[in-house]
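Below is one structure; the comments refer to it alone.
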Amino acid sequence: MRRALLAIVVTAAGLVLLLSFKPHQVTDAGAPPAAVAQAPAGRSGESRESGDSDTTGDSGTTGDSATTGTTGKADTSGGSGAAAGRTYTGDAADTRWGPVQVRITVAGKKITHVEVVQAPDTNHRDIEINQRALPVLQQETLSAQSARIDTVSGATYTSEGYVASLQSAIDRAGL
Amino acid sequence: MTARAALATRHVEHVMGTVFSFDVRGTDDPEGVGRAVAWLHHVDAVFSTYRDDSPVSRLGRGEIALADCPAEVAEVLGLCARVERDTGGYFTARPPGGGLDPSGLVKGWAIERASGLLTAAGAPRHTVNGGGDVRLGAAPEPGRPWRVGVAAPPTAAGRPAADALATVVAGSDLAVATSGTAERGHHIVDPHTGRPATALASVTLVGPRLTTVDAYATAAFAMGQAARDWVEDMDDLEALAVTATGETWRTSGFHRHVPPELRGFLPAWPPR
């Protein structure tokens, strides 16, 4: 049972990536999306370069905390221009264990780095989940990308229901 | 856009009361997608029960004869009769208290044909997802199968996050269909009782062709727990179900469709 729970945590957390960030903006460098701010202008003229990401704080949970120095390590290192990554900070997604928020670095069409910005830590049980699940999240996403899915099968959604569906996030991501 | 990204076409089409997602790899030529989309709109015009003037609506009211309808109508009604027979009446195009409604088969049939149009147009590497029912074409790239996440349904044990999965199906040239309580906000009715089927939260069927697999999934949901033995007896068909209480079961060969690293999370078989 514990193993099953862990699997669900990992899967859910992995997919939070897909659901949370705003991938439809990946190719739209000219218009920073609501949830992702590009690197400060002047850092580089190269649009594909990694930038510190920021959240707008629309979830009310991150405020202005996310943008200083530490995000620098999310930059991919040593890559050529084509291989360099861009960072995206997702909205905080409400899981049944509490809000989870991640920042990803994307190079080409691959997620090359995952950083957990926010995770449930309000009690011991949550802490235990964090320690067990979140490192696995990073490992799974970074290596085998085993939670990576191309499409979703589920009970038929309506046109309206589609908007909030996992499939719509995948369609927007194009990953 | 990178060169690699250019060799893919994605398209989202709102039609038939739901949303169809196309993911085509290895080509940036949208011709096949255009044909498939035109086909779906044609199907909607012919088969919609929400349009009073559709041939199927008029046929249902007795205003026209089957011979007056486009040839596809007879084809679909023939398939409906076959599936009704296969499922012991748990699928029917003539629901209790209703008129003629082949919708439960039309979508899967239309997706199957759309997939064929893509292949014929030189785009065999694709997925077509119609509102959660999926036809996988040839693999996206050599050695890598498509991966289909099966959404975890709400059960008495709780409502999972919108992004939670029950399992992942990996494959190509394959159909994956899921029926569940949330289906279009309606219940699936057991045609034998006229009452909503309540034993399962969702059931996912995997088989070679969506034409029948989609309608089979609807029937399996109506069957409830009996669906396990029914699917087990069908050739080339496997099932994974989540029950209303949050338990899961699967048929004996379902694991073959699940990526090896995730098989450990499947329910036991034979069942305890």
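Throughout, a chain's letter reflects where its sequence line sits, starting with A, and its residues are numbered from 1.
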Open item on the list: Is it the case that the side chains of B:Thr178 and A:Ser153 hold a donor-acceptor pair, with the cut-off being a distance below 3.5 Å and no angle test?
Closed with: yes
Open item on the list: Closer than 3.5 angstrom, by distance alone: can the side chain of A:Asp150 be matched with the main-chain N or O of B:Arg147 as a donor-acceptor pair?
Closed with: yes
Task: Engaged part of B:Pro145 at the chain A interface, taking heavy atoms whose separation is under 4.5 Å - done: backbone
TODO: Counting only heavy atoms closer than 4.5 Å, note whether B:Ala217 contacts chain A via side chain, backbone, both or neither.
DONE: neither
- [ ] Identify which part of B:Val19 has an atom lying under 4.5 Å from any heavy atom of chain A, answering side chain, backbone, both or neither.
- [x] both
TODO: Taking all non-hydrogen atoms of both residues into account, name the closest pair between A:Val152 and B:Val148 and its distance.
DONE: C-CG1, 4.2 Å
- [ ] Flag the pair B:Val168 / A:Ile149 as yes when at least one side-chain heavy-atom distance between them is below 4.5 Å, and no otherwise.
- [x] yes
